[in-house]
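Both backbone and side-chain heavy atoms feed into the values below; hydrogens, waters and symmetry mates do not. Each chain gets a letter, A, B and so on, in the order its sequence line appears, and its residues count up from 1. Just so we're clear, the structure is a prediction, and the values are computed from it rather than from any experiment.
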Protein chains: 2
Amino acid sequence: MAHGPGTGASLADVAKLAKVSTQTASRVANGSDAVRPDTRERVLAAMAELSYRPSFAARSLRAGSYHSIGLSMSGNMEATGRRFQVEGLTAAATRRRYAITLLQLDDDEANLSEASRRMASLPVDGQILYLGATPPDFATFEPPQALPTVIISTQHHPYCATISNDQTGCSVSIVNHFVQKGHREIRFVGGRRESFANVSRQKGWEQALRMRGLHVVEPMHGDWTADSGYEIGMQLVNDKSCTAIYASNDAIAVGIIYALRDAGLRVPQDISVIGVDDSLVGVIPHLELSSYRFNDTQVGALAFDLATNPPEGKKPPHILVPGTLVERSTVAQAPR
Amino acid sequence: MAHGPGTGASLADVAKLAKVSTQTASRVANGSDAVRPDTRERVLAAMAELSYRPSFAARSLRAGSYHSIGLSMSGNMEATGRRFQVEGLTAAATRRRYAITLLQLDDDEANLSEASRRMASLPVDGQILYLGATPPDFATFEPPQALPTVIISTQHHPYCATISNDQTGCSVSIVNHFVQKGHREIRFVGGRRESFANVSRQKGWEQALRMRGLHVVEPMHGDWTADSGYEIGMQLVNDKSCTAIYASNDAIAVGIIYALRDAGLRVPQDISVIGVDDSLVGVIPHLELSSYRFNDTQVGALAFDLATNPPEGKKPPHILVPGTLVERSTVAQAPR
DNA sequence: CACGCGAATGTTAACGTTAACATTCGCCGT
DNA sequence: ACGGCGAATGTTAACGTTAACATTCGCGTG
């Protein structure tokens with residue numbers, strides 16, 4: 001069935017049926033109290049009769065705003081944390097009765113300019129760009145001045161507000177935690193080398209160690225899976241001085257722990273291990289993995305705020321949202 | 001800064017600056033080829049100068065359609081499979097250059113009528129309702145006739161298209177698989193009793209067993225976690241006749257497997273185990289869990305199709321999307 | 001009973017765009 | 001030079017809503 005113009009009843013139709021002016025019908029539609037109860041009834045009846053649906057287009061044409069924020073994404077929502085950020089965003093939007101307009105970009109058109117161009121013709125009052133890694137035009141992109149724009153990115157941008165999880169803070173917290181427990185030989189086990197998250201975690205780890213004058217050992221890298229962690233764990237068994245391992249995600253941490261235990265070492269008594277993402281709660285029997293949990297919900301919520309209330313200043317803000325270290329049972333005092 | 005009416009340049013402004021009519025400006029904006037190249041240049045320059053942004057409101061007011069589908073959700077996107085369904089939906093939308101308008105409902109207003117009422121005043125040509133479990137007004141809900149509506153639900157609805165994963169099919173596939181491998185004593189281990197997914201999986205399992213005249217043993221229930229699975233696994237050790245276990249999710253399956261192994265049984269040689277959701281790939285070292293994987297992406301994509309091309313017939317369709325059984329290494333031929 | 005006054009309702013215009021139709025322009029052939 | 005013709009551009013009206021202003025209604029008062 002058609003949904004073009006002329007389909008569906010307009011306020012004028014309702015008004016005619018109820019024998020009032022369109023303005024009165026409009027007042028009823030908007031819950032104004034300046035309408036006599038019997039008139040209101042007549043109008044409501046007419047609306048029901050015609051199954052009237054207000055025209056968003058006409059309303060926002062008059063109002064000049066949409067009460068909606070755009071979100072451009074590329075890649076999959078599966079990526080760790082992503083769904084929570086989306087959730088934080090929609091939750092914040094809900095609170096303020098905003099809708100979210102979601103635009104998915106194919107990977108081959110996943111750049112900021114294209115996303116922005118597409119979003120500009122949609123009913124949004126602001127936009128959030130959340131593309132994979134670092135889009136090719138990150139440096140050259142200029143946000144449209146008619147549309148407040150926020151990029152979810154760890155890097156900061158000359159003209160555009162940016163926000164993301166604090167990857168460096170993650171490394172710093174973890175190293176601090178280990179140090180507080182008396183550890184001095186703290187290894188890092190990365191995920192895929194090319195991954196941005198991985199790179200910044202490794203950098204943060206190295207910095208934190210150097211700042212304390214601790215020994216930096218060239219890290220090993222897995223592919224984010226538990227099996228790759230297991231292999232690496234088997235090699236770490238020979239690294240006698242190591243007492244603490246910082247794994248770049250939880251699966252690798254789990255793999256390492258299983259390997260160490262299979263080799264006769266005790267976790268955490270002999271070696272402490274910590275993961276990142278806190279993604280495996282309830283999934284591994286009898287294993288309570290200490291992990292660093294990002295505050296993805298907060299990232300989403302703040303992105304929403306930035307998009308709806310763009311800060312006035314000259315320099316665009318660059319916000320890093322800290323997470324929390326969740327202490328469970330895989331970190332202990334360093335052995336003597 | 002304001003974004004009300006009067007903010008931002010309109011086609012009229014562009015036209016004035018470029019010394020053409022608004023119609024010509026409109027033609028340029030829409031890429032019509034009936035414009036002389038030099039004129040086009042002038043107009044484009046004016047657009048850039050004024051950082052013109054087309055008014056979605058005005059366009060769709062004329063066009064009478066929005067090229068967008070609404071999605072109402074309540075609860076969290078974290079729930080297994082949900083994000084994939086959303087992803088399938090947005091992917092399908094992308095292919096057809098549709099946007100998705102996302103509306104999150106607070107849990108206390110999560111009913112179909114409220115969702116539909118809110119969505120009706122947003123810029124959408126159709127809506128998909130994806131609320132938790134079974135909303136209170138499921139039976140009484142009448143979809144607005146001005147807005148094609150699809151409900152993601154395992155139950156079917158008298159006036160409204162519905163679609164969901166085929167929970168029964170999941171049980172049937174799993175039982176079939178076990179039977180083919182020669183198993184006859186097939187236990188079911190559920191998650192939380194009240195969960196709808198759990199109930200329908202259990203029902204399907206029982207039906208499938210009865211149809212074959214197989215022995216039905218009252219199932220045990222965990223709370224979806226691996227630890228609860230472990231406990232149950234320890235009890236199942238004493239169930240000498242049992243050779244196959246159908247766990248209602250992967251975490252429980254993993255817990256069971258660990259318990260059985262700790263008790264000296266071999267999986268799959270002595271007992272076969274299968275999970276549901278296929279959610280733990282790469283997460284458990286040296287464990288390749290056979291599992292049933294729902295086709296969530298397809299559910300999302302079909303929901304989109306139903307919303308954009310509502311079928312004409314009298315009876316609304318009720319679509320169950322089958323998944324696939326992923327054979328890995330936790331199911332073997334039944335022991336003699 | 002006319003007057004006044006606030007409450008209820010009506011009228012007009014405008015938001016920005018584009019389809020449909022109307023006009024003008026530039027150029028070719030004779 | 002002139003008619004003719006297609007290409008380029010312009011004019012008008014309409015999409016549905018609501019703010020602002022205008023009018024009418026009903027009722028109590030002097």
Residue pair E114(B), R118(B): steps toward the salt bridge (Lys or Arg N to Asp or Glu O under 4.0 Å) verdict: CA-CA 6 Å; E114(B) 171 67 12; R118(B) 297 258 297 271; 3.7 Å; yes
Polar contact flag, side-chain donor to acceptor under 3.5 angstrom, T24(B)-S21(B): yes
Distance, rounded to the nearest Å, where R53(B) contributes CZ and dT17(C) contributes C1': 15 Å
Heavy-atom pair of closest approach, residues A307(B) and P148(B): O-CB, 3.6 Å
Bend angle of the helix from dC1(C)-dG30(D) to dT30(C)-dA1(D), end axes from five pairs each (to 10°): 50°
Residue pair Q127(A) / S116(A), side-chain donor-acceptor N/O under 3.5 Å: yes
First encountered from the 5' end of DNA chain D, between R36(A) and R42(B): R42(B)
Under 3.5 Å between N/O atoms: give me all the protein pairs with nucleotides 18-23 of chain D, atom names plus distance.
{"residue": "dT18(D)", "atom": "OP1", "partner": "N30(A)", "partner atom": "OD1", "Å": "3.3"}
{"residue": "dT18(D)", "atom": "OP1", "partner": "N30(A)", "partner atom": "ND2", "Å": "3.3"}
{"residue": "dT18(D)", "atom": "OP1", "partner": "R59(A)", "partner atom": "NE", "Å": "3.1"}
{"residue": "dT18(D)", "atom": "OP2", "partner": "S26(A)", "partner atom": "OG", "Å": "2.7"}
{"residue": "dT18(D)", "atom": "OP2", "partner": "N30(A)", "partner atom": "OD1", "Å": "3.4"}
{"residue": "dT18(D)", "atom": "O4'", "partner": "R62(A)", "partner atom": "NE", "Å": "3.4"}
{"residue": "dT18(D)", "atom": "O2", "partner": "R62(A)", "partner atom": "NH1", "Å": "2.9"}
{"residue": "dA19(D)", "atom": "O4'", "partner": "R62(A)", "partner atom": "NH2", "Å": "3.2"}
{"residue": "dA19(D)", "atom": "N6", "partner": "Q23(A)", "partner atom": "NE2", "Å": "2.8"}

Interatomic distance, Y66(A) OH vs dC15(C) P [rounded to whole Å]: 15 Å
Side-chain donor-acceptor contact under 3.5 Å, T134(B) with Q155(B): yes
Straight-line distance of S74(A) OG to L131(A) CG, nearest 0.5 Å: 4.5 Å
Protein-nucleotide distance (F56(A), atom CZ; dT17(D), atom C1'), rounded to Å: 13 Å
Under 4.0 angstrom between S21(A) side-chain N/O and dG10(C) OP1 or OP2: yes
T162(B) side chain to H318(B) side chain, donor-acceptor N/O pair below 3.5 angstrom: yes
Evaluation steps, ring pair (Phe, Tyr, Trp, His ring centres under 6.0 Å), between F304(A) and Y98(A): CA-CA 10 Å; F304(A) 176 82; Y98(A) 267 65; 5.3 Å; yes
Distance test, side-chain N/O of T39(A) to OP1/OP2 of dT9(C), below 4.0 Å: yes
Distance in angstrom units between K19(B) NZ and dT9(D) P, rounded: 15 Å
